[in-house]
> 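Here it is: the structure, laid out below.
Along the sequence shown, the residues carry numbers beginning at 1.
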Amino acid sequence: MRVEIWSDIACPWCYIGKARFEQGLAAFAHRDDVEVVHRSFELDPGRARHDTAPVVEMLAKKYGRTLDEARAMEEHVASTARSEGLTYRTEGRDHGNTFDIHRLLHLARARGRQDQLLDLAYRANFAEERSVFDPEVLVTLAVEAGLDEQEVRDVLADGTAYADAVRADEREAAELGATGVPFFVLDRRYGVSGGQPAEVFTKALEQAWQGRVITPIGTDAAACDADGACEVPQATA
């Protein structure tokens, strides 16, 4: 059975959702028979390459909040991430265009190292002091994932390399009705939206395995939508 996951490295709920999905998959009896494929979805495709801004400032501008309110929003997401055992920095992170990251993820898939690169990119973006919008950081991450350095540099230098694959993923997401990420499609029969609890993913895997008709579930979970807005519940006092 194949599970396809549309996500973006800039999406905190994709970071959390991947961890929760993996917990749900671990509890699935047929987990060894599941192939996971990561698909591309850009939250800010119109942003110029190398145009970055601090995440807190971006959130304040997008949601019309003060910087303190934006920091509180980030802290709320961080609390959720930490509850899943994930490290999450609320300061010092950048936001930018993720097209090059997606192109490298397609290269990594072709070389059998996609999941490794995705994990490293998420960790760099949310947990470490490394900007995934710096080409040299991307090269380092890709090499850490097991890719050839020169091949990685060649892909980054050629803006057309794997560009069609990224665009094809994004068109397919639109055709499937995905309006936000993370978006999970199980064996092309069952859909799950958002960063659902692990047990929801286990149930979805079981139902897809049984061959039930596709039924969208869990549409109320936190996610990042197609215009780049990430749903972040208000932190309570």
Side-chain angles (χ1 to χ4, degrees), residues 1-11 13-22 24-26 28 30-45 49 96-126 130 132-176 178 180-193 195 201 205 208 224 226:
M1 184 169 71
R2 171 179 284 192
V3 176
E4 296 162 280
I5 307 173
W6 275 263
S7 61
D8 192 5
I9 196 67
C11 165
W13 296 110
C14 297
Y15 177 49
I16 294 167
K18 185 176 188 294
R20 289 176 169 176
F21 170 77
E22 289 171 352
L25 178 61
F28 178 53
H30 304 284
R31 57 187 172 274
D32 292 338
D33 297 311
V34 176
E35 175 194 12
V36 179
V37 176
H38 296 281
R39 302 288 192 188
S40 300
F41 191 108
E42 294 174 271
L43 289 175
D44 203 353
R49 191 181 180 191
N97 182 291
T98 56
F99 189 60
D100 283 346
I101 302 170
H102 285 296
R103 294 195 300 115
L104 285 185
L105 284 167
H106 276 279
L107 168 64
R109 182 187 175 196
R111 302 294 178 263
R113 309 301 293 174
Q114 187 183 52
D115 197 62
Q116 290 84 347
L117 179 57
L118 185 59
D119 279 340
L120 287 168
Y122 274 138
R123 190 172 71 193
N125 189 44
F126 291 104
R130 294 198 284 178
V132 294
F133 306 104
D134 180 335
E136 286 304 312
V137 170
L138 284 182
V139 171
T140 299
L141 293 173
V143 171
E144 289 177 12
L147 299 179
D148 177 76
E149 179 177 348
Q150 189 56 55
E151 186 174 31
V152 170
R153 291 188 181 278
D154 289 345
V155 167
L156 289 176
D158 178 4
T160 66
Y162 295 99
D164 288 346
V166 175
R167 298 307 182 210
D169 279 356
E170 294 173 337
R171 285 194 301 272
E172 192 165 12
E175 291 167 2
L176 289 170
V181 285
F183 182 67
F184 303 77
V185 175
L186 288 67
D187 218 27
R188 292 294 166 127
R189 293 197 301 268
Y190 208 80
V192 181
S193 297
F201 288 116
L205 288 162
C224 298

> Between H106 and Y162, how do the two ring planes meet: parallel, tilted or perpendicular, split at 30° and 60°?
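Answer is parallel, since the angle falls under 30°.
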
> With a sphere of 6.0 Å drawn around CG of D164, does it hold more than 12 non-hydrogen atoms of other residues, nucleotides or ligands?
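No, the 6.0 Å shell around CG holds no more than 12 heavy atoms from other groups.
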
> Given the rule in the side chain to side chain contact (heavy atoms under 4.5 Å, CB included) test, do I5 and V36 qualify, once you have shown the distances and angles that lead to the verdict?
CA-CA 8 Å; I5 307 173; V36 179; 3.7 Å; yes

> Can you name the one residue among V132, L156, V155, V166 that meets side chain to side chain contact (heavy atoms under 4.5 Å, CB included) with D100?
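Of V132, L156, V155, V166, side chain to side chain contact (heavy atoms under 4.5 Å, CB included) with D100 is met by L156 alone.
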
> State whether a side-chain donor-acceptor pair under 3.5 Å links S7 with H38.
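On atom types as modelled, these side chains do not qualify, holding no pair under 3.5 Å.
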
> Would you please test F99 and R167 for side chain to side chain contact (heavy atoms under 4.5 Å, CB included) and show each step?
CA-CA 10 Å; F99 189 60; R167 298 307 182 210; 3.5 Å; yes

> Look at E175 together with R171 and state whether they make a salt bridge at an N to O cut-off of under 4.0 Å.
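No, E175 and R171 are not salt-bridged.
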
> Please give me the minimum heavy-atom distance between L104 and L117, naming the atom from each residue.
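Taking every non-hydrogen atom into account, O-CD2, 3.7 Å.
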
> What heavy-atom pair brings A208 and Y190 nearest, and what distance separates the two atoms?
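Scanning both residues, the minimum pair turns out to be CB-CB, 4.0 Å.
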
> Mind checking whether F201 and F184 have ring centres under 6.0 Å apart?
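Close enough - the centres of the two rings lie under 6.0 Å apart.
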
> Going by atom types alone, do D8 and H102 pair a side-chain donor with an acceptor below 3.5 Å?
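The answer is yes; a qualifying pair exists.
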
> At their closest point, which heavy atom of V3 faces which heavy atom of L186, and how far apart are they?
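Closest heavy-atom pair between V3 and L186: CG2-CG, 4.0 Å.
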
> Do E170 side-chain atoms and E42 backbone N/O form a donor-acceptor pair below 3.5 Å?
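Pair found, side chain donor or acceptor close to backbone of E42.
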
> Taking the inter-plane angle between the rings of F28 and H30 on a 0 to 90° scale, is it parallel (under 30°), tilted (30 to 60°) or perpendicular (over 60°)?
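Plane angle over 60°, so perpendicular.
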
